[in-house]
Amino acid sequence: MEITTTFRELQWGAEIQFPNSRGLSKSPHFVGGRYPCRSVAFVPRIIIDDFSGTAENFSILDPFMGSGTTAIEAVRRANSVHGVEVDPYARLIATVAARKDSQDEIQELESLVLEIGSKVDSQKPDKALLPELKNINYWFGETNFSELLKLKSAIFDATNEGMARDFLLAAFGDIIRACSKAERQSLKPYISKKYVKQPKPVLAEFLRIAPKYVQAVAQSSDHKCDGIIWEGQDATEFGTSKSIDLAITSPPYINAMDYTRCIKLESAWIGTADDAAIRAVRNAQLGESVRRHQVTDDEFISSIAIKHFGDLEAIDEVKFKTALAFFDDMKGNLRSVFNSLKAGGIYYIIIGNSKIRGIDVPTHLAIADIATELGYKWEKYFQYRIKDHRTSIPRGDRGGKIEFEHVLGLVKP
Ligand SMILES: C[S@@+](CC[C@H](N)C(=O)[O-])C[C@H]1O[C@@H](n2cnc3c(N)ncnc32)[C@H](O)[C@@H]1O
């Protein structure tokens with residue numbers, strides 16, 4: 001791919017182009033493909049390719065790991081890969097996608113898929129495995145609901161806690177939306193009264209998706225390291241078990257979309273979330289309006305808010321405070337990463353700008369100001385046009401589509 005050769009010479013603010021990502025569908029990036037707001041894999045790829053030209057042994061961190069796009073790219077090159085992520089479903093997907101599986105383990109997964117497929121019909125459903133989400137039945141037809149429970153029971157019967165079960169649960173999570181009555185197009189679960197959806201039959205869908213998962217993780221034998229070392233769940237305050245050479249992340253957008261809700265059916269079925277857990281994760285999500293209650297009275301953050309989007313306060317105080325809380329949280333994140341980085345280490349942040357109630361919020365400039373205050377040097381900056389809006393956050397009439405993502409390279413001197 002040509003872009004890697006020009007990465008180093010990129011001019012300040014240059015607009016970079018990416019090839020389309022069709023070729024990635026047979027790679028580990030296939031795992032958890034419906035996770036909302038996934039990053040474009042080429043961004044961490046070019047950054048890591050460039051970095052590995054200057055260093056042989058290095059560690060990589062993504063503090064907003066999501067479904068693991070950075071990690072999937074990082075495990076091929078880095079000696080260790082570290083992650084922080086608040087959402088348990090995301091952690092499951094990322095763990096599975098970035099893990100190094102031996103050929104024997106891949107064969108075992110292949111056989112397990114077939115074994116489970118052959119047992120589901122006669123499987124006794126285990127009621128203890130029912131999802132604990134209010135009104136969960138609303139989203140599924142009766143047959144699919146009981147088939148899903150049988151399939152999950154078969155997965156639990158065939159495996160112990162560990163890598164094989166995680167793998168099967170990740171594939172199981174991926175069929176939930178297709179087997180539900182919820183629209184596939186909408187990120188948030190939603191049942192259209194006008195267009196009645198035909199949910200996919202459970203076993204056939206599992207036997208279609210799971211072998212693709214096997215194929216996706218089968219290429220992991222060339223990984224340089226084993227998988228993700230989880231360093232915590234809160235990106236605003238954490239430390240790492242090892243000092244870090246390179247951090248790459250894509251934080252959430254401000255007040256953009258409640259994506260904990262987008263994946264609530266999957267989370268409930270794989271068992272990582274009940275109603276209370278979903279609420280807790282949501283309250284911990286950066287950029288969510290609930291966090292405005294936690295905003296500190298940091299004078300510097302207030303001055304950044306006034307400087308970059310002061311007009312918003314008079315128009316919508318709640319949204320102003322939501323944005324303030326976001327930057328307050330990002331300050332915690334920038335500080336935690338700073339403390340984890342080696343001297344000379346670099347933190348790449350990929351972020352789209354926001355428009356809130358018609359006011360432009362130049363997120364990348366505000367983050368750069370906070371980073372500078374904390375001691376970083378802003379050394380690199382480029383942007384790219386978002387091509388695939390299906391995976392990004394639709395902002396409806398609340399601000400139009402995010403057209404560009406900005407990439408900031410911040411160095412710890
Ligand atoms: C833009 S997404 C990252 C997407 C990721 N790069 C991928 O390709 O899947 C932002 C992630 O930050 C996570 N997140 C939000 N608030 C967090 C917090 N306080 N601590 C850790 N992770 C958080 C969200 O759950 C989400 O997965």
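Keep in mind that the numbers below use all heavy atoms, side chains included, and drop hydrogens, waters and symmetry copies. Numbering of ligands and ligand atoms starts at 1, following listing order. Small disclaimer: the values here were computed from a predicted structure and weren't measured.
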Asks: Distance under 4.0 Å to a non-hydrogen atom of Gly66: what atoms of ligand 1 satisfy this?
Replies: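 Within the 4.0 Å cut-off of Gly66, ligand 1 contributes 5 (C), 9 (O), 27 (O).
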
Asks: What's the shortest distance from atom 21 (C) of ligand 1 to any protein heavy atom, and which residue and atom give it?
Replies: Gln233 O, 3.2 Å

Asks: Closer than 4.0 Å to some heavy atom of Arg38 - which atoms of ligand 1 meet that?
Replies: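 Matching atoms, with element in brackets: 7 (C), 8 (O), 9 (O).
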
Asks: Starting from atom 15 (C) of ligand 1, what is the nearest protein heavy atom, named by residue and atom, and what distance separates them?
Replies: Gln285 OE1, 2.8 Å

Asks: For the ring pair Tyr213 and Phe30, is the centre-to-centre distance below 6.0 Å?
Replies: yes

Asks: For Phe326 and Tyr253, what are the C-alpha separation, side-chain angles and deciding distance, and is it a ring-ring contact (aromatic ring centres under 6.0 Å, His included)?
Replies: CA-CA 9 Å; Phe326 173 85; Tyr253 299 114; 9.0 Å; no

Asks: Checking side-chain polar atoms at under 3.5 Å, does Thr260 have a donor or acceptor matched by the opposite partner on Arg282?
Replies: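 No donor-acceptor contact under 3.5 Å links the two side chains.
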
Asks: With heavy-atom distances below 4.0 Å as the criterion, list the atoms of ligand 1 near Ser250.
Replies: 1 (C), 2 (S), 3 (C), 10 (C)

Asks: Give yes or no for whether the N/O distance cutoff of 3.5 Å, strictly under, is met between Asp62 and ligand 1.
Replies: no

Asks: With only distance considered, is Ala284 within less than 3.5 Å of ligand 1 through an N or O on each side?
Replies: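 Such a contact does occur with ligand 1.
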
Asks: Going by the atom numbers of ligand 1, which of them fall below 4.0 Å from some non-hydrogen atom of Met65?
Replies: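 What qualifies from ligand 1 is 5 (C).
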
Asks: Ring centroids only, cut at 6.0 angstrom: are Tyr347 and Phe338 within range, meaning strictly under it?
Replies: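 They do not qualify: ring centres at least 6.0 Å apart.
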
Asks: Taking the ring of His308 and the ring of Phe327, is the distance between their centroids below 6.0 Å?
Replies: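 Centroid separation for Phe327 and His308: 6.0 Å or greater.
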
Asks: With heavy atoms only and a cut-off of under 4.0 Å, state how Pro251 meets ligand 1: side chain, backbone, both or neither.
Replies: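 Near ligand 1, Pro251 shows its backbone, while the atoms from C-beta on stay back.
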
Asks: Any N or O of Asp87 that comes nearer than 3.5 Å to an N or O of ligand 1?
Replies: no

Asks: I want to know if ligand 1 touches Cys37 in the polar sense, i.e. an N/O pair below 3.5 angstrom.
Replies: no

Asks: Which value, rounded to the nearest 0.5 Å, describes the distance between Thr236 atom OG1 and Arg335 atom CZ?
Replies: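 Rounded to the nearest 0.5 Å, the OG1-CZ separation comes out at 9.5 Å.
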
Asks: Would you check whether Leu286 has a nitrogen or oxygen atom less than 3.5 angstrom from a nitrogen or oxygen atom of ligand 1?
Replies: yes

Asks: May I ask which of Phe238, Tyr35, Tyr253 has a heavy atom nearer to atom 27 (O) of ligand 1 than the others do?
Replies: Tyr35

Asks: Which protein heavy atom lies closest to atom 13 (C) of ligand 1, and at what distance to 0.1 Å?
Replies: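 Checked against all protein heavy atoms, atom 13 (C) of ligand 1 sits closest to Glu85 OE1, 3.3 Å.
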
Asks: Any nitrogen or oxygen of Thr236, main chain or side chain, under 3.5 Å from a nitrogen or oxygen of ligand 1?
Replies: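 No: no nitrogen or oxygen of Thr236 is under 3.5 Å from one in ligand 1.
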
Asks: Quick one: nearest non-hydrogen protein atom to atom 26 (C) of ligand 1, plus distance?
Replies: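 Among all protein heavy atoms, the one nearest atom 26 (C) of ligand 1 is Tyr259 OH, 3.1 Å.
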
Asks: Which of the listed options, Ser39, Ala235, Pro88, holds the heavy atom that is closest to atom 6 (N) of ligand 1?
Replies: Ser39

Asks: State whether a side-chain donor-acceptor pair under 3.5 Å links Gln219 with Ser27.
Replies: no

Asks: Check contact between Thr70 and ligand 1, using heavy atoms of the residue and a distance below 4.0 angstrom.
Replies: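 Thr70: no contact with ligand 1 (<4.0 Å).
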
Asks: What residue and atom, counting heavy atoms only, is the protein's closest point to atom 22 (N) of ligand 1, and at what distance?
Replies: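 Looking at atom 22 (N) of ligand 1, the protein heavy atom closest to it is Val86 N, 3.2 Å.
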
Asks: If you measure only the distance, is there a donor-acceptor pair under 3.5 Å linking the side chains of Thr69 and Arg38?
Replies: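 No, Arg38 and Thr69 have no side-chain donor paired with an acceptor closer than 3.5 Å.
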
Asks: Please verify the inter-ring angle class for Phe140 with Trp269; under 30° counts as parallel, over 60° as perpendicular, anything in between as tilted.
Replies: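 The rings of Phe140 and Trp269 stand perpendicular, inter-plane angle above 60°.
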
